[in-house]
K.L.:
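Take this structure first; my questions come after.
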Amino acid sequence: MITKPDLRSINEQTYLYLQQQIITNKMKPGSRINYEELRDQLGISKTPLRDAINRLAQDGLVEIKPRSGTFVSFPSLKDAIEVMEIRKALERQSVENAISKIPKTTFEALLKLNMDIEKRYQENRNVEEFLKSDIEFHRTIVKYSNNNRIITIMGNLYDQFTWLGFLIIDNVETKVSEAVKHHEEILKAMIDSNVELAKNLVEAHIEDSKRSIIKRLSVRK
């Protein structure tokens, strides 16, 4: 139920709530959306829910099928590949731009964040927290790219990264360990000012995720 004080409109709150439910896999891909149930659950009228669903449909997160109902979408294989290709190109450039700009204290904070990712997961088994930490690691490097267009484009894609991440997180233990290892290798290359190695490592890291996404989504074809 949406009850907390919030300066945003009910329409915006409803949209953001449902968006997060979908991208964190609480509303499963392929599941049917029950309008009446959601209105009762959130304590809202038809209008904000309808507006939120229409926005989510424009985002590709839900599919409205005439005479059939409204369903949580699966990301299309083509869209997923395009998103990951954009991410790979922009993160390679971000690493190159950021490598001489990230302060020593930030490198130290990233190393600590990376070490804590696996430790926290072992303690609480919280997949959502792991994915948020993973995004925060990459977001920090992108921020120091000092390229506003890269920062904006990547900012618009983080929700999609999270959504795709939840879809490929079947073997969480392995994914967490792999991510932590890859992050450490990227950071060490950046600290050593080895630009080409750092760029190649971040590309390989993203390419590994892309392969997992293709494998997961290809099963549905």
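Please read these numbers as outputs of a predicted model, since none were measured by experiment. Computation of the quantities below employed the complete heavy-atom set of this structure, encompassing side-chain atoms and omitting hydrogens, waters and symmetry-equivalent molecules.
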K.L.:
Just verifying a value: how many Å separate Thr70 OG1 and Arg50 CZ, rounded to the nearest 0.5 Å?
P.N.:
12.0 Å

K.L.:
Please evaluate residues Lys26 and Thr24 with respect to the criterion side chain to side chain donor-acceptor pair (under 3.5 Å), reporting the C-alpha separation (whole Å), side-chain torsions for both, the decisive distance (0.1 Å), and the verdict.
P.N.:
CA-CA 6 Å; Lys26 292 182 178 71; Thr24 58; 3.3 Å; yes

K.L.:
Atom OG1 of Thr140 and atom CD1 of Ile135: how far apart are they, to the nearest 0.5 Å?
P.N.:
11.0 Å

K.L.:
Checking Gln160 against Asp79 for the side chain to side chain contact (heavy atoms under 4.5 Å, CB included) test, could you report, in this order, the C-alpha distance in whole Å, the side-chain angles of both residues, the deciding distance, and whether it holds?
P.N.:
CA-CA 10 Å; Gln160 293 187 55; Asp79 287 346; 5.8 Å; no

K.L.:
Examine distances only and state if a side-chain atom of Asn11 and a backbone atom of Pro48 form a donor-acceptor pair shorter than 3.5 Å.
P.N.:
no

K.L.:
Give me the atom names and distance for the closest heavy-atom approach of Glu118 to Ser177.
P.N.:
OE2-OG, 2.9 Å

K.L.:
Do you know the tightest heavy-atom contact between Leu49 and Tyr35?
P.N.:
CD2-O, 3.4 Å

K.L.:
What pairs with His205 under ring-ring contact (aromatic ring centres under 6.0 Å, His included), at least two apart in sequence or on another chain?
P.N.:
His138, His182, His183

K.L.:
Taking all atoms of both residues into account, what is the closest heavy-atom pair of Ile117 and Asp134, and its distance?
P.N.:
CD1-N, 4.3 Å

K.L.:
Does Met115 share a hydrophobic cluster with Phe130, counting links as ILVMFWY side-chain heavy atoms below 4.5 Å and allowing steps through other members?
P.N.:
no

K.L.:
Take atom NZ of Lys181 as the centre, draw a 6.0 Å sphere, and report whether it contains more than 12 heavy atoms from other residues, nucleotides or ligands.
P.N.:
no

K.L.:
With a 4.5 Å limit on heavy-atom distance, are the side chains of Ile141 and Val95 in contact?
P.N.:
yes

K.L.:
Show your reasoning for whether side chain to side chain contact (heavy atoms under 4.5 Å, CB included) applies to Ile33 and Val72.
P.N.:
CA-CA 7 Å; Ile33 293 175; Val72 178; 4.1 Å; yes

K.L.:
Between Trp163 and Phe74, what is the shortest heavy-atom contact and its length?
P.N.:
CH2-C, 4.1 Å

K.L.:
Return the minimal non-hydrogen interatomic distance between Ser133 and Leu113, and the atom names on each side.
P.N.:
O-CD2, 4.0 Å

K.L.:
Which heavy atom of Leu131 sits nearest to which heavy atom of Gly165, and what is that distance?
P.N.:
CD1-C, 4.0 Å

K.L.:
What pairs of donor and acceptor atoms, side-chain ones from residues 98-111 against any protein atom, are under 3.5 angstrom apart with sequence neighbours left out?
P.N.:
{"from": "Lys101", "atom 1": "NZ", "to": "Asn97", "atom 2": "O", "distance (Å)": "2.8"}
{"from": "Thr106", "atom 1": "OG1", "to": "Tyr144", "atom 2": "OH", "distance (Å)": "3.3"}

K.L.:
Any salt bridge (Lys or Arg N to Asp or Glu O under 4.0 Å) pairs touching residues 186-204, not counting sequence neighbours?
P.N.:
Arg92-Glu203, Glu96-Lys199, Glu184-Lys188, Glu196-Lys199

K.L.:
Does the distance from a Lys or Arg side-chain N to an Asp or Glu carboxylate O, for Lys119 and Asp116, drop under 4.0 Å?
P.N.:
no

K.L.:
Would you please test Leu18 and Ile53 for side chain to side chain contact (heavy atoms under 4.5 Å, CB included) and show each step?
P.N.:
CA-CA 8 Å; Leu18 293 176; Ile53 293 294; 4.2 Å; yes

K.L.:
Just verifying a value: how many Å separate Ser212 OG and Leu217 CG, rounded to the nearest 0.5 Å?
P.N.:
10.5 Å

K.L.:
Any salt bridge between Glu128 and Lys132, counting N to O under 4.0 Å?
P.N.:
yes

K.L.:
Quick one: do the Gln93 and Asn147 side chains pair a donor with an acceptor below 3.5 Å?
P.N.:
no

K.L.:
Would you say Phe71 ends up clustered with Met27 if hydrophobic residues are merged whenever their side chains have heavy atoms under 4.5 Å apart, either directly or through other cluster members?
P.N.:
no

K.L.:
Less than 4.5 Å apart, any side-chain heavy atom of Asp208 and any of Glu178?
P.N.:
yes

K.L.:
Mind checking the CZ-CD1 spacing from Arg139 to Ile151? Nearest 0.5 Å is all I need.
P.N.:
10.5 Å

K.L.:
Is any NZ, NE, NH1 or NH2 atom of the basic residue among Glu12 and Arg55 found under 4.0 Å from an Asp or Glu carboxylate oxygen of the other?
P.N.:
yes

K.L.:
Looking only at atom types and distance, does a side-chain atom of Thr152 sit under 3.5 Å from a main-chain N or O of Arg149, one as donor and one as acceptor?
P.N.:
no

K.L.:
Taking the side chain as everything from C-beta on, heavy atoms only, tell me whether Val142 gets closer than 4.5 Å to Tyr158.
P.N.:
yes

K.L.:
Are any non-hydrogen side-chain atoms of Ile64 and Asn54 less than 4.5 angstrom apart?
P.N.:
yes

K.L.:
First locate atom CD of Glu91, then atom OG of Ser145, and finally report the distance between them rounded to the nearest 0.5 Å.
P.N.:
10.0 Å

K.L.:
Please determine whether a side-chain nitrogen of the Lys or Arg among Glu85 and Lys88 lies less than 4.0 Å from a carboxylate oxygen of the Asp or Glu.
P.N.:
yes

K.L.:
Could you walk me through whether Asn34 and Glu36 pass side chain to side chain contact (heavy atoms under 4.5 Å, CB included), step by step?
P.N.:
CA-CA 6 Å; Asn34 186 316; Glu36 290 187 11; 3.8 Å; yes

K.L.:
When rounded to the nearest 0.5 angstrom, what is the spacing between CG in Asn25 and OG1 in Thr162?
P.N.:
11.5 Å

K.L.:
So do the side chains of Gln13 and Ile44 get within less than 4.5 Å of each other, counting heavy atoms only?
P.N.:
no

K.L.:
Using side-chain heavy atoms (C-beta onward) and a distance below 4.5 Å, is Tyr17 in contact with Gln21?
P.N.:
yes

K.L.:
Are side-chain N/O atoms of Asp59 and Gln19 paired as donor and acceptor at under 3.5 Å?
P.N.:
no

